[in-house]
Amino acid sequence: MIKELIYTSLGATALIKQRVEEEIKTLEKKGKIKKDDAKEFLKKMEKRGKLEDKKIKKELRSHLKELINELGLVTKKDLQKLKDELSSK
């Protein structure tokens, strides 16, 4: 379920980016926006998108860690610790 949510979000983001770029090109062709302004706008949008991506990933990791703890699931770190303890005996 989480995988599908991530893939859906990525797909939506790609679609939005494509539509924004198309709209800017249309505005540029109609002379309603300058080429340099369009490029600057796209750069700002890309930078903001990357920042939002980092923020979303950080929040998702935090929620997943909480969920793992609530469910009492064993992590790779837990397994490695157990292996180390067993091998030292």
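All residue numbers refer to positions in the sequence shown, counting from 1.
Here Glu46 contributes atom CD and Lys43 contributes atom NZ; the two are 9.5 Å apart, rounded to the nearest 0.5 Å. To the nearest 0.5 Å, atoms CG (Leu79) and NZ (Lys81) are separated by 12.0 Å. Atoms NZ and CZ, from Lys58 and Arg61 in turn, are 10.0 Å apart once rounded to the nearest 0.5 Å. Distance check: Glu70 CD to Lys65 NZ gives 14.5 Å after rounding to the nearest 0.5 Å.
Taken together through direct or relayed side-chain contacts under 4.5 Å among Ile, Leu, Val, Met, Phe, Trp and Tyr, Leu82 and Val74 form parts of separate hydrophobic clusters. Tracing side-chain contacts under 4.5 Å through hydrophobic residues (I, L, V, M, F, W, Y), one reaches Ile16 starting from Leu42; they form part of the same cluster.
At a threshold of 4.5 Å between non-hydrogen side-chain atoms, the residues Lys76 and Gln80 do not count as touching. The shortest side-chain heavy-atom distance between Glu52 and Lys55 falls under the 4.5 Å cut-off. In this structure, Ser62 and Glu66 have side chains that are in contact, with non-hydrogen atoms separated by less than 4.5 Å.
Residue pairs meeting the side-chain hydrogen bond (donor to acceptor under 3.5 Å, both in side chains) criterion with at least one partner in residues 11-21, sequence neighbours excluded, are Gln18-Glu22.
Judged by distance alone, with hydrogens and angles left aside, the side-chain atoms of Asp78 form a donor-acceptor pair with the main-chain N or O of Thr75 at under 3.5 Å.
Shown here for Ala38 and Ile24, the closest heavy-atom pair between the two residues is CB-CG2, 3.2 Å.
Asp84 and Ser87 share no side-chain donor-acceptor pair at under 3.5 Å.
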